[in-house]
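Take a look at the structure set out below.
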Amino acid sequence: DVKVTQSSRYLVKRTGEKVFLECVQDMDHENMFWYRQDPGLGLRLIYFSYDVKMKEKGDIPEGYSVSREKKERFSLILESASTNQTSMYLCASSGPGLAALPAYEQYFGPGTRLTVT
Amino acid sequence: AQSVTQLGSHVSVSEGALVLLRCNYSSSVPPYLFWYVQYPNQGLQLLLKYTTGATLVKGINGFEAEFKKSEHSYHLTKPSAHMSDAAEYFCAVSEGTSYDKVIFGPGTSLSVIP
């Protein structure tokens, strides 16, 4: 089974802090994604990466940056956390990977619920 | 731009009743279609997907969905609801790009009444 893990389930940070959210997948997937999920708004794509050191902006990249130094790891960075970034953050991965077949679907981690006070 | 709509942000059904969750997409090009389920405080889990071939797709936990190209729809059904089906359900579409980007609908919260 594909496993996507996120470094924390719950996180509380103060306004202005730099926040790192880590995501690791074990299926050698090429593509990795960061979403935020808010009530009534569904999932919104922040950034995605299709290869090591490659990144693309999603629909709401403002206030966020990402890093992908290794294929299995994709980090989301909040340079200066603000209260409006309080949300559930979901990481996902997809790609042929070890299966060597087009899979199309995304596999999700359990999420990190971030509260910024 | 591609968009996905889910009719009804909240749906309640009685245990044992039919579950019907609606999904429509906007693209004129037949996309790849997915249904995901999210249980409380968990990530999303794939229920079923349509890429090519048979338009009636069977997924896990007794769910199925039928792709109707003429209606731009991909509604999710289950003949008999169980209490454990209470969750948030997301429809998603992809145009099959190499990056596997998908567009998610806003979600439908399903409640099952005993």
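Below, read A as the first sequence line, B as the second, and so on, with proteins coming before strands; counting in each chain starts at 1. Everything quoted here is computed from the prediction, not taken from an experiment.
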Engaged part of A/Gln37 at the chain B interface, taking heavy atoms whose separation is under 4.5 Å:
side chain
Among the listed options B/Gly43, B/Gly105, B/Ser109, the residue most often paired with chain A at heavy-atom distances under 4.5 Å
B/Gly43
Hey, is CG on B/Leu7 packed in by over 12 heavy atoms from elsewhere, all under 6.0 Å?
no
Contacting region of A/Tyr89 [heavy-atom separation from chain B under 4.5 Å]:
neither
Please classify the contact of A/Arg9 with chain B as side chain, backbone, both or neither, using a heavy-atom distance under 4.5 Å.
side chain
Pairwise distance SG(A/Cys91) to CZ(A/Phe33) - rounded to 0.5 angstrom:
9.5 Å
Contacting moiety of B/Gln38, where chain A heavy atoms sit under 4.5 Å
side chain
Note: A/Lys53-A/Asp51 ion pair, threshold 4.0 Å (strictly below)
no
Could you check whether any side-chain N or O of A/Gln25 sits under 3.5 Å from a backbone N or O of A/Ser93, counting only pairs where one atom can act as donor and the other as acceptor?
no
Heavy-atom distance under 4.5 Å to chain A: side chain of B/Leu44, backbone, both or neither?
both
For the residue pair B/Lys78 and B/Phe63, would you count it as a cation-pi contact if the rule is NZ or CZ under 6.0 angstrom from the ring centre and within 45 degrees of the ring axis?
yes
